[in-house]
Visitor: 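One structure is given below, represented as structure tokens, and several questions about it will come after.
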Amino acid sequence: MVFSSTIFLLFFLPAVLVLYHMPLRRFKSYKNIVLLLASLIFYAWGEPLFIFILLISIFLNWFICLKIDASQSPVFRKICLWSALFLDIGLLAIFKYLVFVIKNIVYTFHVSMYVPDIELPIGISFFTFQIISYVLDIYWKKAPVQKNVLNLALYISMFPQLIAGPIVRYADISLEIYSRKETLLLYSNGVRRFIIGLGKKVIISNYVALIADNIFAVSMSELSCLSAWLGAVSYSLQIYFDFSGYSDMAIGLGYMFGFHFKENFNYPYTSKSIAEFWRRWHISLGQWFRDYVYIPLGGNKVSKSRWVFNSFIVWFLTGLWHGANWTFIAWGLFYFSLIVIEKFTKIDIKLKQLSHIYTVILVVIAWVIFRSDSLHMAINYILAMFNINANGFYDAYFIYYISQGKYILPAAALLAFPVVPFLKKKMVNSKFNLFPLIYNLTENLSYIIIFLLSLTLCIKSSYNPFIYFNF
């Protein structure tokens, strides 16, 4: 089940909200149980068998963390910690990476091995990272242990962020599990935020996705320079509006149930350096690797050579986390190289006003590596972008998709920047008394139009993928 489906919008969400906000049931335990059961149904809807993997993982980590918290023995606590990490990373390795490893062994050493057909549980990377963060925070005594297994299950499996993030820390919502206030204002803000995310996903991302998918499907021998750029830019817009849209919907749903999830995107395409881009893109993932990998390795309080090593580990794992393919690993190491170059050359500072252009171009190139099916395809695609081995400077594909997307592409590019917050600030703070009123009326009308249009597209369209469900 996805947020932008009719079953979710017209049946599941309304039913959960009615049950959750029943006036005769105001106890937090009741609301937590409703939300937990709804979350398990939500996950089991598409993964009826893998729900048991999720539940077993939750129970075992809950039990181990109780032992960690109760013990005063450093040795026993460390044994428990490594047992939990072995369990969590082991499950992720089996379901996500085992087939990849076996195929590479077969290819490299020309041996005959059985390659199992393992289906990837939706959202396993996200809920595994949440579980690992909980285990480490308990071990480091940065958060109180959760003694009620149902409350821990609620934290791990809460459907707004279960299958595509943002990655939520237990410490950030531990108090809200017991005590939270569902106000009308918070609920209203949640509805608005959800509609914004739904519009990003259904109206913008799904449309530019068609352009990106069709161009990336073109044979490399037929791809022109401008078509390659159009496909790369379209995919850059697609993945931003897809993932930030999902995060908006998750944050909005959290508000509806009284939870506050942290922001996951902050207009990343406004960045003037690669480092800044990653402070604005998928913020929860970047902070996770910073706090649970980079800092434990020594962070930046080490020698230059050690810092390079620490950065390599982080970016290798960042690429690997996204998928079992050499393209993801290459994508992560590409960013590692850029970060190291920026660190030692200060090229982003030296370029001054051109730093934004430099950053966006490199990010778009990186998305080509991320999107490609193989490294060979990625290299050929990037060469075509620079008119090397391309089928001319432009072609019929470019003219067709530019004409078809002449409205949505410029609008998507514009909305990737903080245009709306800028206009809101100008209108609301205007000296003319009518401007704030006009803006409020326009804003409220826009929410209605966006929702109705999104709902119509959800009903009519069969093309409705979420990119990060694969990770």
Side-chain angles (χ1 to χ4, degrees), residues 2 4-5 99-100 103 107 119-120 122 164 200-243 245-246 269 319 322-332 334 360-413 416 457-458 460-471:
V2 298
S4 53
S5 65
V99 173
F100 174 70
K103 285 182 177 179
Y107 177 81
E119 185 179 352
L120 181 66
I122 292 177
K200 282 183 176 181
K201 165 60 186 165
V202 176
I203 299 174
I204 301 177
S205 179
N206 283 4
Y207 188 92
V208 295
L210 291 172
I211 298 176
D213 288 349
N214 288 332
I215 292 179
F216 271 88
V218 173
S219 171
M220 289 296 104
S221 61
E222 300 177 9
L223 190 65
S224 72
C225 174
L226 289 183
S227 287
W229 276 104
L230 179 59
V233 170
S234 296
Y235 183 72
S236 300
L237 293 171
Q238 176 199 353
I239 195 169
Y240 169 68
F241 285 105
D242 180 284
F243 195 18
Y246 189 96
Y269 293 141
H322 282 84
N325 194 315
W326 286 109
T327 54
F328 295 120
I329 295 173
W331 173 78
F334 180 69
V360 171
I361 289 175
L362 289 176
V363 167
V364 170
I365 291 172
W367 285 134
V368 171
I369 303 172
F370 188 91
R371 171 63 175 78
S372 298
D373 296 328
S374 66
L375 290 177
H376 183 262
M377 176 184 175
I379 293 170
N380 286 332
Y381 195 104
I382 293 170
L383 289 175
M385 291 170 67
F386 292 94
N387 207 22
I388 302 173
N389 297 331
N391 184 28
F393 188 65
Y394 70 95
D395 54 18
Y397 294 111
F398 176 75
I399 296 173
Y400 175 76
Y401 288 118
I402 280 291
S403 62
Q404 290 294 309
K406 59 186 175 183
Y407 298 117
I408 193 68
L409 283 170
L457 291 173
C458 287
K460 288 186 175 181
S461 178
S462 60
Y463 185 82
N464 194 28
F466 264 119
I467 293 176
Y468 267 73
F469 277 15
N470 299 320
F471 310 134

Visitor: Would Ile382 and Met377 satisfy side chain to side chain contact (heavy atoms under 4.5 Å, CB included), going step by step from the backbone distance to the final call?
Guide: CA-CA 9 Å; Ile382 293 170; Met377 176 184 175; over 6 Å; no
Visitor: With a 6.0 Å cut-off (strictly less than), is the heavy-atom count around OH of Tyr269, excluding the residue itself, greater than 12?
Guide: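 Atom OH in Tyr269 is crowded, with more than 12 foreign heavy atoms closer than 6.0 Å.
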Visitor: Centroid-to-centroid, Phe370 to Trp367, below 6.0 Å?
Guide: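 Here the rings of Trp367 and Phe370 have centres that are less than 6.0 Å from each other.
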Visitor: I'd like to know whether Leu230 forms a side chain to side chain contact (heavy atoms under 4.5 Å, CB included) with Ile402, so could you lay out the CA-CA distance, the side-chain angles of the two residues, the decisive distance to 0.1 Å, and finally the verdict.
Guide: CA-CA 8 Å; Leu230 179 59; Ile402 280 291; 4.0 Å; yes
Visitor: How many angstroms lie between atom CG of Leu226 and atom CD1 of Ile215, to the nearest 0.5 angstrom?
Guide: 10.0 Å
Visitor: State the CE-CG distance between Met385 and Asn380, to the nearest 0.5 angstrom.
Guide: 13.0 Å
Visitor: Specify the closest pair of heavy atoms between Asp395 and Glu222, including all atoms of both residues, with the distance to one decimal.
Guide: OD2-O, 3.5 Å
Visitor: Tell me the closest heavy-atom pair linking Pro410 and Gly405, and the distance in Å.
Guide: CD-O, 3.5 Å
Visitor: For Ile204 versus Ala412, what's the shortest heavy-atom pair and its separation?
Guide: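 Ile204 and Ala412 have their closest heavy atoms at CG2-CB, 3.6 Å.
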Visitor: Have a look at Tyr381 and tell me which of Trp229, Phe216, Phe386 forms a ring pair (Phe, Tyr, Trp, His ring centres under 6.0 Å) with it.
Guide: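 Result for ring pair (Phe, Tyr, Trp, His ring centres under 6.0 Å) with Tyr381: Phe216.
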Visitor: So how far is it from Tyr207 OH to Ile408 CD1, rounded to the nearest 0.5 Å?
Guide: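 One finds 7.5 Å between OH of Tyr207 and CD1 of Ile408.
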Visitor: Could you report the tightest heavy-atom contact between Ser227 and Leu223, atom names first, then the distance?
Guide: CB-CD1, 3.9 Å
Visitor: How about Val218 and Asn214: do any of their side-chain heavy atoms sit closer than 4.5 Å?
Guide: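 With C-beta onward as the side chain, the pair stays apart.
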Visitor: Rounded to the nearest 0.5 Å, what's the gap from CE on Met220 to CG on Leu383? Could you check?
Guide: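 It is 10.5 Å, given to the nearest 0.5 Å.
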Visitor: Output, in order, the C-alpha distance, side-chain angles, deciding distance and verdict of side chain to side chain contact (heavy atoms under 4.5 Å, CB included) for Asp373 and Thr327.
Guide: CA-CA 7 Å; Asp373 296 328; Thr327 54; over 6 Å; no
Visitor: Mind checking side chain to side chain contact (heavy atoms under 4.5 Å, CB included) for Ala212 and listing every partner two or more places apart, or none if nothing turns up?
Guide: Ser234, Tyr235, Gln238
Visitor: Compare every heavy atom of Ala390 with every heavy atom of Ala384, then report the nearest pair and how far apart it is.
Guide: O-CB, 3.8 Å
Visitor: Can any side-chain N or O of Ser205 pair as donor or acceptor with the backbone N or O of Val202 at less than 3.5 Å?
Guide: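 No, Ser205 side chain to Val202 backbone: no donor-acceptor pair under 3.5 Å.
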Visitor: Supply the atom-to-atom distance Tyr400 OH to Ile211 CD1, rounded to the nearest 0.5 angstrom.
Guide: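 These two atoms lie 9.5 Å from each other.
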Visitor: So how far is it from Asn325 CG to Lys103 NZ, rounded to the nearest 0.5 Å?
Guide: 9.5 Å
Visitor: Apply side chain to side chain contact (heavy atoms under 4.5 Å, CB included) to Ile399 and Tyr394, showing your working.
Guide: CA-CA 8 Å; Ile399 296 173; Tyr394 70 95; 3.8 Å; yes
Visitor: Looking only at heavy atoms, which two atoms of Tyr401 and Leu409 are closest? And how far apart?
Guide: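 Residues Tyr401 and Leu409, closest heavy atoms: O-CD1, 4.2 Å.
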Visitor: Pairing donors with acceptors under 3.5 angstrom, does anything connect the side chains of Asn391 and Ser224?
Guide: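 The criterion, which ignores hydrogens and geometry beyond distance, is not satisfied for Ser224 and Asn391.
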